[in-house]
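Quick caveat: nothing in here was measured; it's all calculated off a predicted structure.
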Amino acid sequence: MKIRGIYKNTKQRWAQRGIGSKFTVAFIVFIILPVISIGLFILRYSSQNVEEQLKTLTTKMLEQMGRNLDNQLQTADRLALSIMTNEMILTDIQWYDRMAPLEKLNAEYRLHDWLLNFSEVNPDIAGLYLFDQQNNIFFAKGNPPEPGYSATESQWYQDTVAADGAMILFGTHDEFHVANHPRRVISICHSLRDFSSRKVLGVLMLDLPDEFLPGILEQPGGILERGADICVLDEGDRVIYDSASEEAPRMLPEELLGRISDSNGMMQYPIDGKDYFLIFYTSDYTGWRILNFQPYSSVLSSVIRARLLILGLVCGFVIIFIIWLIYIQEKLIMPIKSMSQAVAMVKAGNYDVVLDFPRHGEITTLSNGLIDMARHIRRLIQDVYMSELLQREAELMALQNQINPHFLYNTLECVRGMAIQSGNRDMALMVRALSFYTRYNLSRSTEFVTIEEELRQIENYMTIQNIRHNGKYRLEYDIPSQYAGFRIMKMIFQPLVENAIQHGLERKIGGGFVRLSLREDGCDLVFCITDDGIGMPEDKIHMLNEKLAVPAAVHAEFRKNTGGVGIENVNNRLRIHYGERSGLFYETVSTGGVCVTIRIPKNAKEGGLCVQ
């Protein structure tokens with residue numbers, strides 16, 4: 001029971017600690033202490049089997065050298081295969097001798113460009129050549145061939161053709177096609193064949209400089225820096241690289257070559273009265289063998305160096321881990337604590353969160369996300385508040401204008417009938433339009449209507465205005481028929497058309513038009529209501545757009561100069577339901593009037609917010 005109580009108490013104390021303390025303890029227990037323990041264990045037993053470990057390490061490094069060499073040659077061979085399978089190159093080579101002079105010149109330019117582009121992929125390429133069956137030679141990034149050089153009569157060419165498309169690898173040699181001052185290169189050759197007939201079209205030769213072997217084998221910190229020598233033998237047991245001789249490579253005894261006939265292995269072998277530890281590795285890809293000659297005396301001295309190295313590594317790792325722990329505390333734990341405090345502020349209702357982490361990474365992403373979340377919450381609260389405010393305003397207006405709709409409709413029908421009996425057709429038409437207009441406005445069955453229903457409401461409004469102003473106004477549509485049934489919020493267009501007439505067309509001498517158009521813009525439908533009225537100065541349009549861009553912008557001057565509540569109400573309803581991008585935007589047009597634009601997402605859902 002006592003032990004259980006101690007455990008429970010310790011667990012509670014651990015849970016109450018902050019993330020910094022937990023991380024520090026976990027770091028010490030799971031990283032620093034294991035590293036020190038392992039280091040001491042290795043240091044104690046490092047003298048045992050050091051020779052075998054060194055042999056294993058050397059073998060692995062030698063195998064890695066072989067794999068690196070294979071990778072370099074395979075990379076070059078893949079480039080050669082890309083050229084072999086290029087249909088444009090094969091077509092130009094196949095038909096080159098049958099081309100007109102100008103076509104030949106164009107083919108030569110194309111082949112040169114292709115070869116040059118391919119050669120630039122691998123900076124180690126010393127030359128890239130195409131030899132066709134008629135001894136035409138195309139090359140890039142290499143020495144030009146000797147005049148009159150006949151590739152088809154050369155043994156290397158015949159051996160490549162006989163390989164039937166397989167890779168032929170020629171070890172270090174003088175360039176085949178250069179007689180004076182040839183370079184020492186390693187060549188990868190493939191025959192070029194027509195895809196369908198398998199007819200030989202020529203030979204591709206890719207030359208690599210022999211300097212690339214030291215670049216792969218003589219790596220910093222590698223075997224050579226430990227006093228060892230490396231030899232590379234080709235498939236014919238010819239030495240093509242010797243780190244111990246910068247001039248002529250050494251001649252290895254026949255006895256030694258016979259003993260290393262296996263693919264991989266190790267042995268102790270005397271050379272010039274000195275014992276060497278020999279490890280050799282044979283490449284499955286090229287068939288080349290890499291030999292490592294390690295002086296046996298250096299193996300024994302490695303024991304002391306291993307102990308010092310292990311001790312230094314352990315101390316170094318401990319120091320690095322401690323520095324890393326301090327860095328993590330400052331760069332990770334402290335920002336997490338700051339974000340935790342910021343979350344507490346947001347929970348308490350303070351959404352003005354400021355987190356400044358001047359760098360990139362996950363911490364910055366999290367902090368920016370927290371700031372954006374706080375701003376989004378504040379904006380949602382404002383939107384909900386504004387939505388409720390608009391709803392209460394609408395309810396208040398409905399209470400103030402509460403009239404029995406049926407009484408109003410019946411009265412208007414009586415007036416219309418009296419107008420017809422008295423022969424006043426204009427009055428009858430006006431009363432009929434007013435009846436439909438009023439019925440549409442007072443209908444509470446739905447807040448969403450089709451575009452077709454909204455257009456009929458505009459027609460009723462224009463009928464009334466034209467009777468008042470002797471047919472002064474013209475209403476034009478440019479609405480694709482497939483969108484007639486698209487549902488939008490009710491009473492969106494009529495206030496804007498009314499605003500266009502009152503502030504643009506009424507003050508204009510002569511007639512005018514109001515045009516309602518619709519176009520698609522990606523995932524949005526864009527409505528434009530354009531008039532050719534007296535227009536509006538650019539500074540006023542700029543001021544109007546700025547105020548419309550602010551949610552629930554309520555300004556007395558704004559209402560006075562722009563038609564006021566109607567435009568503001570439409571703008572707020574659009575922004576709350578469809579998102580911030582769906583508000584009103586005004587601009588001047590070439591006709592001299594004004595165009596107001598509404599953007600509505602095509603995937604908007606009735607009664608819900610559109611996901612932006």
Starting at OG1 of Thr172, measure out to CZ of Arg183 and round the result to the nearest 0.5 Å. 13.5 Å

Of all the heavy-atom pairs spanning Gly287 and Thr282, show the shortest one and how long it is. O-CG2, 4.0 Å

Could you go through the side chain to side chain contact (heavy atoms under 4.5 Å, CB included) check for Leu90 and Leu201 one step at a time? CA-CA 8 Å; Leu90 296 178; Leu201 303 178; 4.2 Å; yes

Excluding sequence neighbours, so at least two apart, what forms side chain to side chain contact (heavy atoms under 4.5 Å, CB included) with Ser197? Asp194, Lys199

Mind jotting down which residue pairs meet the salt bridge (charged side-chain N to carboxylate O under 4.0 Å, His left out) criterion with at least one end in residues 137-157? Sequence neighbours excluded, please. none

Test log, rule side chain to side chain contact (heavy atoms under 4.5 Å, CB included), inputs Val203 and Val161: CA-CA 7 Å; Val203 168; Val161 173; 3.8 Å; yes

Between Leu206 and Met167, does a side chain to side chain contact (heavy atoms under 4.5 Å, CB included) hold up when you go through it step by step? CA-CA 11 Å; Leu206 188 152; Met167 181 190 75; over 6 Å; no

Side chains of Ile93 and Leu192: closer than 4.5 Å at any heavy-atom pair? yes

Closest non-hydrogen atom pair, Ser582 against Tyr578: OG-CB, 3.2 Å

Just by distance, do the side chain of Arg581 and the backbone of Arg575 share a donor-acceptor pair under 3.5 Å? no

Hey, what do you get for CG (Asn135) to OG (Ser150), rounding to the nearest 0.5 Å? 3.5 Å

Check this for me: does any side-chain nitrogen of one of Arg98 and Glu103 sit under 4.0 Å from a carboxylate oxygen of the other? no

Identify the two heavy atoms, one from Leu574 and one from Gly583, that lie closest to each other, and give their separation to 0.1 Å. CB-CA, 4.5 Å

Could you work out, with side chain to side chain donor-acceptor pair (under 3.5 Å) as the rule, every residue matching Thr91, not counting sequence neighbours? none

Check residues 107-116 and write down every donor-acceptor pair under 3.5 Å in which the side-chain atom is one partner and the other belongs to a residue at least two apart or another chain.
{"residue": "Glu108", "atom": "OE2", "partner": "Tyr96", "partner atom": "OH", "Å": "2.4"}
{"residue": "Arg110", "atom": "NE", "partner": "Asp92", "partner atom": "OD2", "Å": "3.1"}
{"residue": "Arg110", "atom": "NH2", "partner": "Asp92", "partner atom": "OD1", "Å": "2.9"}

Taking C-beta and beyond as the side chain, do Phe195 and Thr85 meet within less than 4.5 Å on heavy atoms? yes

Name all residues meeting the ring-ring contact (aromatic ring centres under 6.0 Å, His included) criterion together with His190; count only those two or more places apart in sequence or in a different chain, and write none if there are none. none

d(Leu208 CG, Asp124 CG) to nearest 0.5 Å is 7.0 Å

Examine the side chains of Asn68 and Gln72 and answer whether a donor and an acceptor come within less than 3.5 Å of each other. no

Tell me whether Glu87 at atom CD has more than 12 heavy atoms from other residues, nucleotides or ligands lying less than 6.0 Å away. no

Spacing of CG belonging to Leu204 relative to OG belonging to Ser82, to within rounding of 0.5 Å: 10.5 Å

Can you sort out the partners of Asn117 under side chain to side chain contact (heavy atoms under 4.5 Å, CB included), two or more places apart, ordered by chain and number? Glu120

Measuring only between side-chain heavy atoms, which start at C-beta, is Tyr483 closer than 4.5 Å to Glu520? yes

With a 4.5 Å limit on heavy-atom distance, are the side chains of Ser187 and His173 in contact? yes

Between Tyr281 and Asn292, is any side-chain donor less than 3.5 angstrom from a side-chain acceptor? no

Sequence neighbours left out, what passes side chain to side chain contact (heavy atoms under 4.5 Å, CB included) with Ala484? Give chain and number order. Glu452

Here the pair of heavy atoms bringing Thr152 nearest to Gln158 is O-NE2, 3.4 Å

Sequence neighbours left out, what passes side chain to side chain donor-acceptor pair (under 3.5 Å) with Ser283? Give chain and number order. Asp70, Thr286

Taking side chain to side chain donor-acceptor pair (under 3.5 Å) as the definition, give me every residue that meets it alongside Arg599, ordered by chain and number, with sequence neighbours left out. Asp521, Asp524

How about Ile451 and Ile488: do any of their side-chain heavy atoms sit closer than 4.5 Å? yes

Any donor-acceptor pair under 3.5 Å from Tyr129 side chain to His177 backbone: no

pair Leu73-Leu169: side-chain heavy atoms closer than 4.5 Å: yes

For Asp132, check side chain to side chain donor-acceptor pair (under 3.5 Å) against everything at least two apart and list the hits. Asn136

Exam field: side chain Ser191 to backbone Gly165, donor-acceptor pair closer than 3.5 Å: yes

The complete set of ring pair (Phe, Tyr, Trp, His ring centres under 6.0 Å) pairs with one or both residues in residues 150-172, sequence neighbours excluded, reads Phe131-Trp156, Trp156-Phe176, Phe170-Phe176

Would you call Cys595 and Phe585 a side-chain contact if the rule is heavy atoms closer than 4.5 Å? no

Non-neighbouring partners of Pro182 that pass side chain to side chain contact (heavy atoms under 4.5 Å, CB included), sequence neighbours left out: Asp174, Glu175, Val178

So that I can tick it off, tell me whether Arg193 and Asp164 are bridged by a salt bridge, with the cut-off set at under 4.0 angstrom between side-chain N and carboxylate O. yes

Reported SG-to-CZ distance for the pair Cys528 and Arg515, which is rounded to 0.5 angstrom: 10.5 Å

Taking side chain as C-beta onward, heavy atoms only, is Arg184 less than 4.5 Å from Asp207? no

Side chain to side chain contact (heavy atoms under 4.5 Å, CB included) assessment of Leu128 paired with Phe139: CA-CA 6 Å; Leu128 197 56; Phe139 70 98; over 6 Å; no

Supply the atom-to-atom distance Arg487 CZ to Ile600 CD1, rounded to the nearest 0.5 angstrom. 13.0 Å

